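Just follow the structure's listing: the first ligand is 1, and inside any ligand the first atom is 1. Because the structure is predicted, anything quoted here is derived from the model rather than measured.
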Amino acid sequence: MCGIVGYIGRRQAYPVLIKGLHRLEYRGYDSAGVALISAGGSLNVYKSQGKVSDLEDTAQNRDLTGCIGIGHTRWATHGEPGFRNAHPHLSQSGRLAIVHNGIIENYASLREMLIGQGRTFNSDTDTEVVVQLIEYIQEKDGLSFVASVQRALQMVQGAYAVAVLDMRQPDTIVAARKGSPLVVGVGDDELFLGSDASPIVEYTDRVIYLDDEDMVVLRQDAAITLMTVRGERKTPQIQQVTMDVSQLEKGGYDHFMLKEICEQPQSLRSCLQSVRQTLIGPDAERVFSLLQNANRVIITACGTSWHAGLVAKYAIERMTRVPVEVDYASEFRYRQPVINPGDVVIAVSQSGETADTLAAIGMAKEQGAGVLSVCNVIGSSIPRTSDCVIYTMAGPEIGVASTKAFTAQVAVLTMLALVWGHRKGTVGEAEYTALMQQLDTLPDKIGRIIAQKETVRKMAQTLSFAPSCLYIGRGCNYPVALEGALKLKEISYIHAEGYPAAEMKHGPIALISQEMPVVTVATESAVYDKLVSNIQEIRARQGRVMAVVTEGDTEVARMADSYVAVPQVAECLSPILNIVPLQLLSYYVACLKGCDVDQPRNLAKSVTVE
Ligand code: AGP
């Protein structure tokens, strides 16, 4: 997925665009570029392979004047990362410039048509096809800039968030979205564009979240014309965004990921306060009117959010006795699932923009399912497509590796299970009260785990030399093993695999050797003794064990080569604590290996393309 920015107003555009691209760099960092219409009326485009800082080096000492511009930071889909495919892309005449986030599915046939009309292309991207199509329509049909963008967008199929400049109209930016997010910032005599609110919030807290097939014309005099790509006029709905700029800074930490790991006491406190209000407060009926008659829950998500969904399966089934399926969104959307009346789909997503998850809930709604989303970004596409939403309120998560969002997602889903079970009578008063009280102790308990980060850093030294690693857990901590393995592989590039501990003897135990560490989530649980046996099986084959244990544990702590102890808590709440040492472990291993922790290779923070 890519990041788009735009500016038109009273300031010089370039500084606003560059700062905005830095804010959006977590969305993709293969290449970056800007297009400016200078005070003299020329269209200047500067782009570079690599990061936004490389673009700044490229643009140094060039004409950076102008109060109107667009910018882009790329995660490659069509066309390899590099200068040739970096955005902005120009039309053949050089008059038009475009930036785009999404995938144009019929770009090949459009490109062939345009080549047949004498158009030549400079890149391999689907994006260049759009800007060439706009110019082709302008010239062939004599349409205005706005009308030709409109016509072109009616012809393309697929997902887009685009911003377009025409050097002959230096007082106008035309932008539109379908399937990829785009936000308009409304300042004093100035207007902004962003793929999300983060490049906008330091200038204004007034935003317009564009809907699918919305098109907006931004003018120098700060006039906004909102319509659909079919030309139907719409009234802009200006909303206030509550994001604080300081949340977008590292705040003295070396990396966003470490900051966000260490922020978890606060983010979880904020999450618990908000979700308690949602589930027990006056508007709880919005959620439970959807759930109360559910015969089955289908949780759909990707990556870390899918792991949170897997934890939720254990909690919801145990506390409500409602059957739960957990499906990767990319599989769910294509496997023609049986969706019955009375099914409720829960979509879990940090960004609220993951294309597979968005498509999965669209399909589920078409088949009559109710959709509840659990999301961290207010106003993002998935909540806007759902029947209702529970926001995790963890604050902006910039590091590509999801951490505080995961603990917030698990907390939300566990509290949902608990309150739902209590309402159904499948959770008794005493258990309900005890667990609700224990939930409130988790932020401080996470703080005690973070205080042991030096212990974890020492454990990381062993792991950093491993060619691969196994993570094992049981029950609701099996998904924690999966999540710990994902953290390690996505930021340190060490292959790691999560497994249910009892499955070791069905194959993976063949891998056990001195060279491959086994990270074991072995805190207090109903199956603790079984896990001890699993660890003994590993030790008996010279396997090396690193363990997460409950404070006071003497058995696994004695067997393990190294361990970190977490505070005691009810088993159903333990995933929220047990993942924290594994987050820190992956972070320190990645640092030891000199990896780019916040922007790991090939990844992006939110995958808004299939
Ligand atoms: C997790 O660390 C990864 N960044 C990735 O797996 C992520 O969880 C996945 O892409 C889903 O994103 P979402 O929660 O924003 O939908």
Side-chain angles (χ1 to χ4, degrees), residues 1 3 25-29 75 179-181 195-196 198 255-258 260-261 264 299-312 326-333 345-361 371 373-386 389-392 394-410 412-413 471 479-480 482-493 496 498 579-580 582-587 590 595-610:
M1 144 218 89
E25 203 162 20
Y26 69 88
R27 301 171 66 89
Y29 27 89
W75 182 75
S180 293
S195 293
D196 61 35
S198 59
H255 299 98
F256 279 109
M257 183 181 178
L258 183 59
E260 289 152 8
I261 291 172
Q264 289 181 107
I299 298 176
T300 190
C302 301
T304 288
S305 298
W306 184 82
H307 296 148
L310 216 45
V311 175
V326 186
D327 239 317
Y328 281 115
S330 54
E331 290 299 312
F332 184 67
R333 66 182 290 196
V345 170
I346 298 179
V348 185
S349 176
Q350 188 286 130
S351 64
E353 298 298 347
T354 299
D356 284 321
T357 309
L358 188 57
I361 61 174
V371 176
S373 56
V374 174
C375 184
N376 195 44
V377 178
I378 293 172
S380 54
S381 300
I382 289 172
R384 294 156 66 81
T385 309
S386 307
V389 57
I390 302 175
Y391 284 112
T392 46
E397 187 176 72
I398 309 298
V400 165
S402 188
T403 50
K404 63 177 184 174
F406 175 77
T407 46
Q409 288 167 344
V410 173
V412 166
L413 291 161
Y471 284 67
V480 174
L482 295 174
E483 173 59 10
L486 175 62
K487 290 281 98 47
L488 186 73
K489 60 188 146 189
E490 70 174 323
I491 63 170
S492 73
Y493 316 144
I579 190 56
V580 177
L582 306 187
Q583 293 169 345
L584 287 167
L585 186 62
S586 62
Y587 171 76
C595 295
D596 190 338
V597 171
D598 284 332
Q599 297 176 355
R601 68 188 182 202
N602 306 336
L603 289 175
K605 181 60 183 171
S606 164
V607 185
T608 59
V609 293
E610 281 200 52

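Close N/O approach between K487 and ligand 1 is found [any backbone or side-chain N/O within under 3.5 Å]. The distance criterion of under 3.5 Å between nitrogen or oxygen atoms is met by Q350 with respect to ligand 1.
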Requested in this report: Evaluate side chain to side chain donor-acceptor pair (under 3.5 Å) for T300 paired with D327, printing each intermediate quantity in order.
Outcome: CA-CA 5 Å; T300 190; D327 239 317; over 6 Å; no
**Report entry** Audit row: S402, T304, side chain to side chain donor-acceptor pair (under 3.5 Å) steps and yes/no
**Finding:** CA-CA 7 Å; S402 188; T304 288; 4.9 Å; no
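Listed by number with element, the atoms of ligand 1 under 4.0 Å from a non-hydrogen atom of A401 are 2 (O). Within ligand 1, the atoms closer than 4.0 Å to a non-hydrogen atom of T304 are 1 (C), 2 (O), 6 (O), 8 (O), numbered from 1 in the order shown. For ligand 1, the atoms closer than 4.0 angstrom to any heavy atom of S402 are 1 (C), 2 (O). Below 4.0 Å from some heavy atom of V400 lie the following atoms of ligand 1, by number and element: 2 (O), 3 (C), 4 (N). Within the listing of ligand 1, atoms 8 (O), 13 (P), 14 (O) sit less than 4.0 angstrom from a heavy atom of S305.
Of the protein's non-hydrogen atoms, V607 CG2, 4.2 Å is the one closest to atom 10 (O) of ligand 1. What sits closest to atom 3 (C) of ligand 1 on the protein, heavy atoms only, is E490 OE1, 3.4 Å. Ranking the protein heavy atoms by distance from atom 16 (O) of ligand 1 puts T354 OG1, 2.5 Å first. Remark: minimum distance from atom 9 (C) of ligand 1 to any protein heavy atom is reached at C302 O, 3.8 Å.
Between D598 and G399, the closest heavy-atom pair is OD1-CA, 3.9 Å. Closest of all the heavy-atom pairs between Y493 and R601 is OH-N, 2.7 Å. For the residue pair L488 and A496, the shortest heavy atom distance occurs at CD2-CB, 3.8 Å. Heavy-atom minimum distance, T357 versus A347: CG2-CB, 4.0 Å.
The closest approach between a heavy atom of E353 and any atom of ligand 1 is not below 4.0 Å.
Side chain of N376 to backbone of S349: no donor-acceptor contact under 3.5 angstrom is found.
Classified by interplanar angle (parallel below 30°, tilted 30° to 60°, perpendicular above 60°), the ring pair W306/Y328 is parallel.
Nearest-residue assignment for atom 6 (O) of ligand 1 (options S351, G303, S349; heavy-atom criterion): G303.
Remark: the Q409 side chain and the S305 side chain contain an N/O donor-acceptor pair separated by less than 3.5 Å.
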